> 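One structure is given below, represented as structure tokens, and several questions about it will come after.
As the structure is a computational prediction, the values presented were derived from the model and not from experiment. The chains referred to below are lettered A, B, ... by the order of the sequence lines, with proteins before strands, and numbering in each begins at 1. We use all heavy atoms of the structure for the numbers below, so side chains are in, but hydrogens, waters and symmetry mates are not.
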Number of protein chains: 2
Amino acid sequence: MRDKATSFDIAHRAGVSQSTVSRALRDSPLVNKETRDKIQAIATELNYKVDKNASNLRRQHSLTLALLLFEDPTSDDSLINPFFLSMLGSITKASTKAGYDLLVSFQNLNDDWHAEYEDSNKADGLILLGYGDYTDYRDKLTKLEEQGTHFVRWGAHDIDHAGVSIGCNNMQGGFDVTQHMLNMQRRQFAFIGEAGSQAPEFKERYLGHCQALKDAGLQVNNAMQFDAISTEQSGYQGVQRLLDSGNKFDALFCASDLIALGALRCLQEKGLSIPEDVAIAGFDNIPISSFANPALTTVHQNTKLAGEILVDSLLRLISGEEVSHYLMPVDLVVRRSSGAQT
Amino acid sequence: MRDKATSFDIAHRAGVSQSTVSRALRDSPLVNKETRDKIQAIATELNYKVDKNASNLRRQHSLTLALLLFEDPTSDDSLINPFFLSMLGSITKASTKAGYDLLVSFQNLNDDWHAEYEDSNKADGLILLGYGDYTDYRDKLTKLEEQGTHFVRWGAHDIDHAGVSIGCNNMQGGFDVTQHMLNMQRRQFAFIGEAGSQAPEFKERYLGHCQALKDAGLQVNNAMQFDAISTEQSGYQGVQRLLDSGNKFDALFCASDLIALGALRCLQEKGLSIPEDVAIAGFDNIPISSFANPALTTVHQNTKLAGEILVDSLLRLISGEEVSHYLMPVDLVVRRSSGAQT
DNA sequence: CTGAAAGCGCTTACAG
DNA sequence: CTGAAAGCGCTTACAG
């Protein structure tokens, strides 16, 4: 069995006090270079590592960040939205780069997650990520803020919500996609995805969509909006309802790629040709989207940048700075599903 | 600003000693039920959370696990192998379920990661995940074991490697895929993927592949094995080398889905029809595989189960039990790319 | 530049 | 069933 070396062991071997060891290990300029080198050499030899629990307890911080991932309660148990997985990857990397550890946890919206981490001193701050119903969410955010917890969240900026949000320009994305399909000569649009305040990001995409239609002199028909949450299955069902409605359409803007994938499958099963009969576009640019058949036109969100900004903003919040909302630019990715010649 | 409540605050309010508070909060049967209830009520009211740093320091454990993800140094900065992302998801869930927090970190194979976590008491144990060159890895594993660090790793069971491994039956998977393509009347096989000891999982897939060929009375030609690491790009290049070799082939077994996707793209760019001209199969059953065109025949690994077994094994290791290697069963997923009529 | 000492907030043997 | 006290392993103000 191992027995971990402590700073006292090192002190003993080096013939100095434990305080000096502690200082030397933190590279304090107060310590004589020679003693410092000697101490560090012994530390390496003994495979000594500062005990984080002790260090954190004393310093009252943890040098770790917590990522709380919310899932749609309806979503499949094993399948996580690839977009969030990708965000998870970039956030992990960004924290590591900033010298912070990252605690990852999946939460249900109804869990008692607010407070857990920072209050127990396990993390210095929280990153909130996930789609889901925002009604209940809101209260917890407010509570989080009241407690003085440091947190940032990914999503739409909503004045009703407490805290700093980082998100992409969903409205612009919805606008760009729609304008692109208008350029492809489509005129009869449907939108698949929730568009209410429980899904603020989707709502903004819808708003951008409507704006583009208006700008083109087309009328917005709210009956052409069909609810769906961000799963393939829900997209499939949404389109079925659209089909059942009997309304004509030659273009489909789906609030996420997962929805678009479900829509695509449904339409193809009905024998429709994409994009000839119906142009389709999604949102997120998840890896799968380029492998769909036809490849999916979508809106790219720079997850790498997003992760970095999220971490950076949180760190600034922790250090007491004022941090404001941030709206990331968005890129239209044109592929075959929208009828373009690529 | 907030000022966190401590157990002394609660003791004061409840009119008991701090020790009693501590006991009550840990649900100790030693404490009178009434006092316990009273203390817990006050704790809730004050939004009190046990300070993990103090608690962990005292108890000498952390109730957290660390997941170390190794990436192929050559792989793209932003793109993580979807298979590992999926494992990450299931491991996160399994740890949460077991009452442990999960620290996630991406590592380079050459980092000084061995020891970092458990030695600094940030985690009670380590889960190692990732493809990559195992030569350097091996030494670190040995060191990890010498230090008495608790760890489990995902991958091939290799007697050269220290520690407990959990992995899927790669050999069986390779065998099944190959046998299936033999049933589809293919006779000229190529294998894309490393098959040396630096990539033990791929190697086993290759071995299973060879076995199936032998069982069918075919000769194994090692010149039909082309190196590739698990990226789309590497798969693309691997097939190019195969094509350059001038060797004929009507079936391609790729060591991973990502490789298969690259191979598919390359062959299609050369004007070949899949599966008519060449049958293709991959490994992993990543989400994208079903959306490829044609959809990819592949081998499914149950990531949900894998995550649970990994966590469970590690926990048992931590509690001092003997834990042995585990080989998970594997499922062939037949889709169009291998020439089946689906 | 160095050391002795206090204290971070808990848990838990020990004594009653 | 409860309390006083020690101690987990550090960091850092204080004194020299």
> Would you mind classifying the nucleic acid contact of B:S22 as base, sugar-phosphate or nothing, using non-hydrogen atoms under 4.0 angstrom?
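Since a base atom lies under 4.0 Å of B:S22, the category is base.
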
> Classify A:S19 by what it touches in the nucleic acid, base, sugar-phosphate, or nothing, heavy-atom distance under 4.0 Å.
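The residue A:S19 makes base contact.
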
> When the distance from CG of B:L63 to P of C:dT11 is rounded to whole Å, what number comes out?
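About 11 Å, once rounded to whole Å.
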
> So, B:T64 side chain and B:K122 main chain: donor-acceptor pair closer than 3.5 Å or not?
yes

> Is A:D312 paired with A:R316 through a side-chain N to carboxylate O contact shorter than 4.0 Å?
yes

> Within this structure, what is the CG-to-P distance between A:N53 and C:dG7, rounded to whole angstrom?
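For the pair A:N53 CG and C:dG7 P, the rounded distance is 22 Å.
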
> Roughly, in whole Å, what's the span from CZ in B:F8 to C1' in D:dA5?
10 Å

> Hey, does the side chain of A:S7 come within less than 4.0 Å of D:dC10's phosphate (OP1/OP2), counting only N and O?
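The answer is yes; a side-chain N or O of A:S7 sits under 4.0 Å from OP1 or OP2.
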
> If you measure from the C1' atom in C:dT12 to the same atom in C:dG16, how many Å do you get, rounded?
16 Å

> Counting side-chain heavy atoms from C-beta on, which of D:dG3, D:dC10, C:dT2 comes nearest to A:L30?
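Closest of the options to the side chain of A:L30: C:dT2.
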
> I need the NZ-P distance between A:K122 and C:dG9, as an integer number of Å.
18 Å

> Which nucleotide in the list C:dA4, D:dC10, D:dG3 gets nearest to the side chain of A:S17?
C:dA4

> Please report, rounded to the nearest Å, how far the P atom of D:dC8 is from the CG atom of A:D9.
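Atom CG in A:D9 sits about 12 Å away from atom P in D:dC8.
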
> Would you say that A:I318 contacts A:H61 through its side chain, given a criterion of any heavy-atom pair below 4.5 Å between the two side chains?
no

> Do the side chains of B:D37 and B:K33 get close enough for a salt bridge, i.e. N-O under 4.0 angstrom?
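A salt bridge links B:D37 with B:K33.
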
> Using whole Å, what does the distance between atom C1' of nucleotide C:dT2 and atom CD of A:E34 come to?
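Atom CD in A:E34 sits about 15 Å away from atom C1' in C:dT2.
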
> Measuring from the side chain of A:R58 (C-beta onward, heavy atoms only), which nucleotide among D:dG9, D:dA4, C:dG3 has the closest atom?
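Among D:dG9, D:dA4, C:dG3, the one nearest the side chain of A:R58 is D:dG9.
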
> On the nucleotide D:dC10, are OP1 or OP2 found under 4.0 Å from the side-chain N or O atoms that A:Y48 carries?
yes

> For the pair made of CD1 in A:I10 and P in C:dG3, what is the distance, rounded to whole Å?
14 Å

> Need the pair for D:dG16. Rule: Watson-Crick or G-U wobble, both distances under 3.5 Å, any strand; none if unpaired.
C:dC1

> Could you tell me whether the phosphate oxygens of C:dC10, OP1 or OP2, come under 4.0 Å of any side-chain nitrogen or oxygen in B:R59?
no

> Any side-chain to backbone donor/acceptor pair from A:S90 onto A:T303? Under 3.5 Å, distance only.
yes

> Between D:dG3 and B:R23, counting only base atoms on the nucleotide and side-chain atoms on the residue, is there a donor-acceptor pair under 3.5 Å?
yes

> How do B:Q60 and B:T20 order along DNA chain D: which one's closest nucleotide is nearer the 5' end?
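Looking at the nearest nucleotide for each, B:T20 comes out on the 5' side.
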
> Looking at B:S55, I'd like to know whether one of its side-chain N or O atoms comes within less than 4.0 Å of OP1 or OP2 on C:dC10.
no

> If I take atom CG in residue A:D51 and atom P in nucleotide D:dG7, what distance separates them, rounded to the nearest angstrom?
17 Å

> Would you check if A:L314 and A:L65 make a side-chain contact, meaning some heavy-atom pair closer than 4.5 Å?
yes

